[in-house]
2 protein chains.
Amino acid sequence: MINYTNNLREHNLKATPQRLAITDILYTKGHISVEVLYEMMQKKFYSISLATIYKNINLMIENSFIQEVKIPNAKSVYELTKEEHSHLVCQKCNEVLDIKIDLDSIVTKTSDAYHFNIKNSNLILSGLCQNCQ
Amino acid sequence: MINYTNNLREHNLKATPQRLAITDILYTKGHISVEVLYEMMQKKFYSISLATIYKNINLMIENSFIQEVKIPNAKSVYELTKEEHSHLVCQKCNEVLDIKIDLDSIVTKTSDAYHFNIKNSNLILSGLCQNCQ
DNA sequence: TATTAAAAGAAAATAATTATCCTTTAAGGG
DNA sequence: CCCTTAAAGGATAATTATTTTCTTTTAATA
């Protein structure tokens, strides 16, 4: 298990064992729901409180260490903050993949057409993965 | 106020006064949260139950009459089902606009690259509208 | 090693959503 | 038109999700 102490500290987060484990799970799994994260954490910390999960998720979001991904017709998952990217979701097995799609020209055109100062783009493509088709 | 009886019936929904009002509000406002919908409905129906709002929203979604729009860092809003489109959201005033963006080539390329059978695309661009900049 | 602000855990509180149960009503058939 | 009935509405309870509070423990650093 890699040591993520510095990653946390760079985001002004104390490196507690619980946070190191959350970080490790996020690195390993890529995307995870509150529910599943709690289940996995319980295996490592016998008496961890669900409040600890929520408090950490919220603080980590505030400190831009992680981000929520809101998926249509499914529960939110959380991921480590990385460079902007889109998501590909399987509607059957719920797998979530990060994909790199260039939206620059769409953003530019839309900004101009609607006089919006666009700061974030969020694209989720949903369907069936190869296995589930 | 237009009569939406047939619109509802086409989706196998009984045309109750409450549903006609919800439909009218959706047509007029375009996008609305549960909370605001409830407040607006209370003005027309003195003793409407919040359960009625939720039950109708859920049934209307099941029957594809409306759809949920999950917005990053904000509450979900609901809209009447229309042809596929994207959304432009102001992070300050929370205005939500429907925009038409051609994602066909992105969908095709991604389908091929990842062997996914993509069924839905969901793009939300967030930033500041002209007024809020 | 001692100090202290922050984090963890337990439990209570709050918020959001759904279910239950009884009353009312939309819809369609005679 | 009335009658019948399945479905919908309203009130409220129950459930689920999330946040808060409070006390104990601990990471960070001096």
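Of the residues in residues 37-48 of chain B, none lies under 4.0 Å from DNA chain C by heavy-atom distance. A heavy-atom distance below 4.0 Å to DNA chain C is reached by none of the residues of residues 71-81 of chain A.
Evaluation of the side-chain hydrogen bond (donor to acceptor under 3.5 Å, both in side chains) rule for A:T5 yields A:N3 as partners, not counting sequence neighbours. With sequence neighbours left out, A:E35 forms a side-chain hydrogen bond (donor to acceptor under 3.5 Å, both in side chains) with A:K75.
No side-chain donor-acceptor contact under 3.5 Å links A:K92 to the backbone of A:N131. When atom types are taken as modelled, the side chain of B:H11 and the backbone of B:N63 share a donor-acceptor pair closer than 3.5 angstrom.
Counting heavy atoms from C-beta on, the side chains of B:I57 and B:E68 never come closer than 4.5 Å. In this structure the side chain of A:L97 reaches within 4.5 angstrom of the side chain of A:E95, judged on heavy atoms.
With side-chain heavy atoms closer than 4.5 Å counting as contact, directly or through intermediates, B:Y46 stands alone and belongs to no larger hydrophobic cluster.
Tracing side-chain contacts under 4.5 Å through hydrophobic residues (I, L, V, M, F, W, Y), one reaches B:I32 starting from B:L8; they form part of the same cluster. Hydrophobic clustering (side-chain heavy atoms under 4.5 Å, transitive across Ile, Leu, Val, Met, Phe, Trp, Tyr) keeps B:Y78 apart from B:V96. Cluster membership for A:I53 and A:F65, using ILVMFWY side-chain heavy atoms within less than 4.5 angstrom, is shared.
B:T52 has a side-chain polar atom (N or O) that falls below the 4.0 Å cut-off from OP1 or OP2 of D:dG10. A close approach under 4.0 Å does not occur between any side-chain nitrogen or oxygen of A:N58 and OP1 or OP2 of D:dT18.
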**Q.** Contact pattern, 5' to 3', of nucleotides 20-30 of chain D - B, S or - by protein heavy atom under 4.0 Å
**A.** BB-----BS--
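An angle of 40°, rounded to 10°, separates the two end axes of the helix from C:dT1-D:dA30 to C:dG30-D:dC1, each defined over five pairs.
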Pairs of donor and acceptor atoms involving the side chains of residues 37-44 of chain A, under 3.5 Å and at least two apart or interchain, shall be tabulated with distances.
unit_1	atom_1	unit_2	atom_2	d
A:Y38	OH	A:Q42	NE2	3.2

What side-chain donor-acceptor pairs closer than 3.5 Å can you find for residues 113-125 of chain B, not counting sequence neighbours?
unit_1	atom_1	unit_2	atom_2	d
B:N120	OD1	A:Q91	NE2	3.0
B:S121	OG	B:E84	OE2	3.0

Identify every side-chain donor-acceptor pair in residues 104-112 of chain B under 3.5 Å, counting partners at least two apart or on other chains, and give the distances.
unit_1	atom_1	unit_2	atom_2	d
B:T108	OG1	B:D104	O	2.8
B:T110	OG1	B:I106	O	2.7
B:S111	OG	B:V107	O	2.9

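Think of the region where chain B sits on DNA chain C: with heavy atoms and a 4.0 Å cut, that region ends 5' and 3' at C:dA16 to C:dA27.
For residues 52-61 of chain A, the side chain to side chain donor-acceptor pair (under 3.5 Å) pairs, not counting sequence neighbours, are A:R19-A:N56.
Using the six-membered ring where Trp is involved, B:Y4 and B:Y27 have ring planes that are parallel, under 30° apart on the 30 and 60° scheme.
Nearest-nucleotide positions on DNA chain C for A:L59 and A:S49 put A:L59 closer to the 5' end.
The separation between A:Y54 atom OH and D:dA17 atom P is 7 Å, rounded to whole Å.
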